[in-house]
Amino acid sequence: MSNKLLPCPFCGSDRITVMPIRDGAQASCKDCCAKSEPMVHGPNGVNSTWEGAHASWNRRKVKVKPLKWKLAKISDEWDRFSVETIFGSYEALEFSDGTCGFSSPDLCEETSVEHGGFKTIEDAKAAAQADYEQRILSAIEGATNE
Ligand SMILES: [Zn+2]
């Protein structure tokens, strides 16, 4: 296991330290106080607690929650899914030519932007999710989405 602690996913600082806590160890950022999960000494001894705190810190990253699509039937043949987000609603649907697409909120026009050409509704939903994540992460400094 590498002993190198990755930079803070929240503020970008590389001033990360592992500190003893009651019955264990915990990594934290000296600049913004972000912390790893606390690791408690187990049967494998104190060294494994320190390694665990390292590993826990290095797993930390910002993750955008998946959109929770709701099915809204248009007809027996076509399904339409929609989800409300903090900046408007996304819709994923099948078009009459059999292709699929999604619409994303357009904040400037207070309307929506259509994106087509997807083979399946799941592809369209995945593209909508990527669009949503890109918007959320663009507002967070030091965010990575790997
Ligand atoms: Zn930080």
Side-chain angles (χ1 to χ4, degrees), residues 1-74 78-95 99-146:
M1 183 195 308
S2 167
N3 279 330
K4 187 165 167 39
L5 289 160
L6 296 176
C8 178
F10 302 101
C11 75
S13 170
D14 55 8
R15 299 191 330 129
I16 313 303
T17 182
V18 177
M19 301 282 285
I21 57 169
R22 186 174 170 202
D23 300 327
Q26 186 172 37
S28 70
C29 170
K30 285 183 169 176
D31 287 308
C32 76
C33 301
K35 289 179 171 51
S36 71
E37 297 166 69
M39 292 289 150
V40 176
H41 299 313
N44 298 329
V46 172
N47 285 344
S48 72
T49 311
W50 248 254
E51 286 172 14
H54 264 87
S56 170
W57 175 266
N58 286 347
R59 279 195 303 270
R60 271 215 96 141
K61 58 189 172 198
V62 177
K63 193 163 184 279
V64 178
K65 290 179 185 173
L67 294 169
K68 289 186 177 157
W69 296 96
K70 288 196 182 117
L71 176 62
K73 280 260 182 215
I74 306 175
W78 293 318
D79 287 342
R80 183 173 66 95
F81 294 85
S82 67
V83 58
E84 281 299 319
T85 72
I86 54 170
F87 39 73
S89 65
Y90 281 85
E91 293 193 342
L93 67 163
E94 190 179 314
F95 299 121
T99 66
C100 295
F102 75 94
S103 65
S104 58
D106 183 331
L107 301 179
C108 301
E109 302 292 330
E110 291 185 13
T111 174
S112 59
V113 184
E114 305 290 329
H115 311 264
F118 298 95
K119 281 196 179 124
T120 68
I121 198 89
E122 293 308 316
D123 290 346
K125 283 183 188 173
Q129 177 75 31
D131 180 271
Y132 173 67
E133 290 185 6
Q134 189 270 326
R135 291 187 195 207
I136 297 287
L137 293 175
S138 72
I140 301 171
E141 268 188 60
T144 56
N145 185 32
E146 295 162 355

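Just so it is clear, the structure is predicted and the values come from calculations on it, not from any experiment. All ligand and atom numbering here is 1-based and tracks the order in the structure.
- Evaluation of the salt bridge (charged side-chain N to carboxylate O under 4.0 Å, His left out) rule for E114 yields no partner, not counting sequence neighbours.
- Residues passing the side chain to side chain donor-acceptor pair (under 3.5 Å) test with S103, sequence neighbours excluded: none.
- In this structure, the side chain of E91 does not engage the main chain of S82 through any donor-acceptor pair within 3.5 Å.
- Aromatic ring orientation, H41 versus W50: parallel (interplanar angle below 30°, classes split at 30° and 60°).
- Put simply, CD1 on I16 and NZ on K35 are 11.0 Å apart, with the number rounded to the nearest 0.5 Å.
- Protein N/O/S atoms closer than 2.8 Å to the Zn ion (ligand 1): C8 SG, C11 SG, C29 SG, C32 SG.
- When the side chain to side chain donor-acceptor pair (under 3.5 Å) test is applied to D31, the partners found at least two apart in sequence or on another chain are S13, R15.
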